[in-house]
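Atoms considered below: every heavy atom in the structure, side chains included; atoms not considered: hydrogens, waters and symmetry mates. In this chain, residues are counted from 1 in sequence order. On a predicted model such as this, the values are computed, not experimentally measured, just so you know.
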Amino acid sequence: MKETKSIKIKKCPYCFRNISNDDIGFLLRTDGARFLSPALNEVLSPKTDVPYQYFWNAMGVPEEQVDAERIIIDNQIMSELNQELTASGHDLAVRQYDAESCGYSFYVQEGALTVYSNTMICPHCHNVLPQHFFKYEMLMIGMAGSVASGKTVYMSALMMNGFDVMQRENLSVRSASGNPNDSYKLEMERNADRLYRDGICPASTSKAFRRPIFLEITYRLSDKVIHLLTAIYDVAGELIKENAGTGRTGFVRHMDGFICLVDPAQMHLEHSVMTKQTPEEERVLEKLRILSKEEQISIQRMSHDNGSQVMNQDDYLFQNAVSDEYIYERKAETILDSIRSGVGDSELRQKYMALTIAKSDLLEELGEIRAFRGSGLLFDRRQVSYGFMNMDRHFLRQDILKQIFDQKVFRLQRNLDDYKESSLFAVSALGCETEELTGQEEGAARAVGRVRPIRVEEPVLWMVMKYMQERGWLE
């Protein structure tokens, strides 16, 4: 076994325990190959990976849904294997240091058969580490939003056509998944491909913790090239709320920042029999299932402390029609409150917040949004070719979005002042409306018209830019 040339200590992006490149193990595939050595056949056969199974069970994934039959090599297994190989006169298994990636690879050879792996795993939870994990710094972003806010479709839009919306002349983005055969990675890539090719939107995901999407972002300046790993986590708002203070949501504390999606259905838009709308506005409001003014008043009476509804005689009629849980999830403040309770007030000062209106294309038809001066900037679909984003237009949009949030969502100052950095965005993963699918595709939807995302990349790239600036990598 070769000695480590350079010790690197990082935080596992799954269990968040400190690990070094000297302690990592490997995930192997043998494709059914058989060896002459009984020791090799024993070690290189699939077995239940107990640490891996325990981790995903603890994170809310049922045991029957965890594929824990794997071939794992760690330091202890490798040491015992080499003792047996030495005794039987076989060549030793080798753990080889790679100075380029600051990581390791594993190989063992017997005659014409060779088993090789550079798929490194955390020694504690046995999850696969991303490529170049020990070489580059990592930014961890939590994608937060209530039920049906569009997190899964948003992630698919980012990945669509090989992360095309994120590419620039001086900036490139690629997958950094450490395991090319990971089932969740392949599922997300299929979702992105179906969205790009057929306009099929994936159905909502379960509340269980899901694997992050790993990206390697390369930014080229005239005299240097900057690399950064970025992990994007699906931080289900309902999961934080239901399991506050438990291990299943402890990962939220480790995020460097959050993209918080606000569904237009959570906004205080006009929807009352006393208000006249154009047929187009009525169609959009009906599609959003906007609550009536009376229901919105009930939302305002909701306690911020425990989510219980304070009912008076006028509200009583709505008690049976709209449940407390449903109304609570429709409050835009709910997710920010959940993040605050999961992270803690003092830790918020170390986090970025990109507060983002999702499905913003639906607002394009509403007169009450068009009444805001310059609101047309919110629906600009032109793609930036250089740099992170068009900063001039970004600052102009900030002024418009501040007015919209203060009047249609909530007062910004109370909700954002405690973050290290915050910014406002209006995006759309599709840029067009959808229709529900039935039959085998029930729960999914199809885009009506051409899929043309509206600046979905900007919240991610804004956070990447801030992270780089903070470290002095950018002027």
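Under the 3.5 Å distance criterion, the side-chain polar atoms of Ser117 are matched with a main-chain donor or acceptor of Leu27. Checked by atom type and distance alone, the side chain of Arg168 pairs as donor or acceptor with a backbone atom of Val165 at under 3.5 Å. Although no hydrogens or angles enter the test, the distance criterion places a donor-acceptor pair under 3.5 Å between the side chain of Arg370 and the main chain of Glu365. Side-chain atoms of Ser360 come within 3.5 Å of backbone N or O of Val427 as a donor-acceptor pair. With hydrogens and angles disregarded, no donor-acceptor distance shorter than 3.5 Å links the side chain of Lys8 to the backbone of Ile19. Asn191 contributes no side-chain N or O that, together with a main-chain N or O of Ser156, makes up a donor-acceptor pair within less than 3.5 Å.
The two atoms that bring Cys125 and Tyr14 nearest to each other are SG-CB, 3.9 Å, heavy atoms only. When all heavy atoms of Gly142 and Met255 are compared, the closest pair comes out as N-SD, 3.6 Å. Closest non-hydrogen pair, Thr356 versus Pro459, comes out as OG1-CG, 3.8 Å. Across His394 and Leu424, no two heavy atoms sit closer than the pair CE1-O, 4.0 Å. Contact record, Val128 with Gly178: CG1-C, 3.6 Å, taken as the closest heavy-atom pair. The minimum heavy-atom distance between Tyr184 and Arg211, with the atom names listed, is CE2-O, 3.0 Å.
Cation-pi geometry between Arg194 and Tyr196 is not met: the NZ or CZ atom fails to fall both under 6.0 Å from the ring centre and inside 45° of the normal. Geometrically, Lys351 does not engage Phe258 in a cation-pi contact defined by less than 6.0 Å to the ring centre and at most 45° from the axis.
By the neighbour-count criterion of 12 heavy atoms within 6.0 Å, atom CD of Gln65 is densely surrounded, having more than that number from other residues, nucleotides or ligands. Crowding of Arg29 atom CZ: a count of heavy atoms from other residues, nucleotides or ligands under 6.0 Å not exceeding 12. For Arg197, the CZ atom is densely surrounded, since the number of other residues' heavy atoms within 6.0 Å is greater than 12.
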For His227 and Thr218: C-alpha separation, side-chain torsions, deciding distance, then whether side-chain hydrogen bond (donor to acceptor under 3.5 Å, both in side chains) applies.
CA-CA 5 Å; His227 297 274; Thr218 303; 3.1 Å; yes
Stepwise salt bridge (charged side-chain N to carboxylate O under 4.0 Å, His left out) test for Lys420 and Glu470:
CA-CA 11 Å; Lys420 174 170 60 177; Glu470 191 175 284; 3.0 Å; yes
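Screening residues 332-389 for ring pair (Phe, Tyr, Trp, His ring centres under 6.0 Å) gives Tyr219-Phe388 as the qualifying pairs, with residues at least two apart or on separate chains.
When the salt bridge (Lys or Arg N to Asp or Glu O under 4.0 Å) test is applied to Asp49, the partners found at least two apart in sequence or on another chain are Arg70. For Lys11, there are no salt bridge (Lys or Arg N to Asp or Glu O under 4.0 Å) partners two or more places apart in sequence or in a different chain.
With hydrogens and angles left out, the side-chain atoms of Gln398 and Ser423 include a donor and acceptor closer than 3.5 Å.
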